[in-house]
There are 4 protein chains.
Amino acid sequence: MSDNSARPRGGRPRRAGVGAAVRQAAEELIAERGYAGTTLDLIAQRAGVAKTTVYRRWRSKSHLAIDTLADLLGDPPAGIDLLSPITWLAAQVREPSVRRLLVGLVGEAGQDESVRAELRARIREPFTRHLVDEFGLSAPDVDLAFDVVVGALLHRLAMTGELTDTDALAVTDLATRLVFGR
Amino acid sequence: MSDNSARPRGGRPRRAGVGAAVRQAAEELIAERGYAGTTLDLIAQRAGVAKTTVYRRWRSKSHLAIDTLADLLGDPPAGIDLLSPITWLAAQVREPSVRRLLVGLVGEAGQDESVRAELRARIREPFTRHLVDEFGLSAPDVDLAFDVVVGALLHRLAMTGELTDTDALAVTDLATRLVFGR
Amino acid sequence: MSDNSARPRGGRPRRAGVGAAVRQAAEELIAERGYAGTTLDLIAQRAGVAKTTVYRRWRSKSHLAIDTLADLLGDPPAGIDLLSPITWLAAQVREPSVRRLLVGLVGEAGQDESVRAELRARIREPFTRHLVDEFGLSAPDVDLAFDVVVGALLHRLAMTGELTDTDALAVTDLATRLVFGR
Amino acid sequence: MSDNSARPRGGRPRRAGVGAAVRQAAEELIAERGYAGTTLDLIAQRAGVAKTTVYRRWRSKSHLAIDTLADLLGDPPAGIDLLSPITWLAAQVREPSVRRLLVGLVGEAGQDESVRAELRARIREPFTRHLVDEFGLSAPDVDLAFDVVVGALLHRLAMTGELTDTDALAVTDLATRLVFGR
DNA sequence: GCATAAGCGAGACGGTACGTCCCGTCTTACA
DNA sequence: TGTAAGACGGGACGTACCGTCTCGCTTATGC
């Protein structure tokens, strides 16, 4: 939800709304043209902001993407049953913007430990913490379930370009059994 | 296993060994420096070949990578039990060169249908066909198992940068249950 | 008018008509697309001949072009007055194919002495010899007149892209005065 | 004399000296290796500048060459007699760097109207304007004289590779008679 | 009639340059 | 200190064309 808003002392304050506008632009463009097809110049332009401003707030394109994705995902729904957060996760992956962000970021993660760390902290951990707190599950199990759901669906997408309800259901089932049945 | 070796008639025949040398160079370099960090110029140079020669045989870096990967994977082992091909698959994904090729290709697949098609035909289909023929399983189930194993492991790698035996085992179990237990 | 037809002994004789067809193709293509825009592959293709065949007969694109140009120019007209060969020369330069061949060759000549030599022997010398023999003029004077006419007109073309009657006339006058009035 | 120095508002100003360094490098390299033998990479490297910087300031190699040439030529000398500017022009053409630039540009001009236009505006027009203003001559006559001098000398160079004093003198005479004697 | 010699079509190959693209950094002026 | 604007270095991309090469096949001559 944030760039790195801790800007305590002197100088001109940051212009409000810039963070949101940039994330919004990034989300739209990546949904339209994919991660690699989206330029930082393009994002800045659509957000009505200078490229410098973007780089002052985010270290790199990847880090902006992670922030955008985290913002987009929001929190898993509070509910009584275990099924709903997992189903929610699968539904999120089916959103074009989420999917294309994830695919791009998985690619970058291979090259850059800081991306991996950020991805864990901002994307997976909130989900895991939610299930651990809510249902008393073991964190490693939930992490694994997360990786199975997201990874399997993403990989299916990479293979076929689309994702049927049946696929999504099968994978959610599997993940549920994983955390539940052991 | 091949570029497009069907060169029936006239003209100077393709120099033997070039295909293998280029794939070899691609494999090594991608293992060393990752997919994105590997240049076609570099591959050509290490293979002792002109860049134009590479582009004459493969449409793009992605297509060369798929060919390299297919060559590298080879066929799943013939065995009596169902477990061994799935275990074999997980083991393959743990190989650095296979993994980095896969990660790069999953990224490209998002942008390019022809990459997806080739990926299905050259990478997943041989595996699926093997299990269908050998054990009489349903193709969609095996496809899904493939996507679960490869996707989940790749995603874990993207999140943590490494892959423990425990992770691999858990995922293989899951996939086995998937094809077996239904 | 010739490639290098002296092929005394054994072996399969050269196919008749190839020389003419290639020159014809070269002339047409260069007239259409300019010297630099014309590929040897293209010429060979239009002539219905393999590229190898072209290179067996001509050392390079430049040498083919010189041969084509010499063929195209033919001999200056026999006439009683001195004016007509010079007017003829100016008229030739105004032909698109001649002009574009010349422009291309002047460019190449800067790089390659063998092109210069060939250009002298095949293009300028026939003209000069004609005027020397016919009218008893001095060879250096005629050479200079040639360079003035061709050079000035070509340069005007390079500057404006076209050549009016007035321009052509003024330059022919000048050249005539040059050889005549001294 | 300049790239397109009109950079009125905002943004990082262009690094001073880059224009001059690039033109200098281009001049030297073209004098050494000819127009076609000179790469933009090479020019950029010798100028200590990235290739992209060169392309940001000049549309193409040709346009850089025109700019370099204009800079190199400077203005014709102010003098009392008509002879001196024409002699000066002939002397300039005999300079290796000027000559090789001109030869290359004449070749490019055939392919590209924008090169022709730039050549007229930056190279010929300053010369013509000078003679028109200074001696009240007619612009078309001076243009023609320019084309005769430069064209004839360049063409002689293309034919023989060198240029004697006698040649230069003969052509200057001719051009002088042209503007003077009518 | 069969060896020898060259021509030819087809297309692979090495090499070199091109002009474009995008990232992330920088340098100004102004707010 | 933030911001707009845009220059800059660096590096890869995929394309184009040249002139050479290597095959298999064809067509002549000379023994």
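Every value quoted in this text rests on a predicted model; they were computed, and no experiment measured them. Just so you know, these numbers use all the heavy atoms, side chains as well, and skip hydrogens, waters and symmetry mates. Chain letters run A, B, ... following the sequence lines, proteins first, then strands; residues in each count from 1.
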Original post:
Can you check whether B:A31's main-chain N or O pairs, donor with acceptor, with B:R100's side chain at less than 3.5 Å?
Top reply: yes
Subject >> Residues that D:S60 engages under side chain to side chain donor-acceptor pair (under 3.5 Å), provided they are two or more places apart >> reply: D:H63
Original post:
Looking only at atom types and distance, does a side-chain atom of C:T53 sit under 3.5 Å from a main-chain N or O of C:V49, one as donor and one as acceptor?
Top reply: no
Original post:
Which heavy atom of B:A158 sits nearest a heavy atom of A:A109, and at what distance?
Top reply: O-CB, 3.4 Å
Original post:
What integer distance in Å separates C:I43:CD1 from F:dC17:P?
Top reply: 12 Å
Original post:
Tell me, which of residues 103-112 of chain A have any heavy atom that sits under 4.0 Å from an atom in DNA chain E?
Top reply: none
Subject >> side chain to side chain donor-acceptor pair (under 3.5 Å): pairs with one or both residues in residues 36-45 of chain C, sequence neighbours excluded >> reply: none
Could you write out each protein N or O paired with an N or O of nucleotides 29-31 of chain F at a distance under 3.5 Å?
none

Original post:
Between D:Y55 and D:K61, is there a cation-pi geometry (under 6.0 Å to ring centre, at most 45° from the normal)?
Top reply: no
**OP:** Only counting residues at least two apart or in another chain, list the ones meeting side chain to side chain donor-acceptor pair (under 3.5 Å) with D:R116.
**Re:** D:E113
**OP:** For the residue pair B:Y35 and A:Q111, confirm or rule out a side-chain donor-acceptor distance under 3.5 Å.
**Re:** no
Subject >> Sequence-aligned protein contact record of nucleotides 13-18 of chain E, with B where the base is within under 4.0 Å of a protein heavy atom and S where only the sugar-phosphate is >> reply: BBB-SS
Original post:
Can you tell if the side chain of A:V22 reaches within under 4.5 Å of the side chain of A:W58, non-hydrogen atoms only?
Top reply: yes
**OP:** Look at B:R46 together with B:E32 and state whether they make a salt bridge at an N to O cut-off of under 4.0 Å.
**Re:** yes
Original post:
In whole angstroms, how far is the P atom of E:dC23 from the CD atom of A:Q45?
Top reply: 13 Å
Subject >> Spacing of C:R59 atom CZ relative to F:dC18 atom C1', expressed in whole Å >> reply: 16 Å
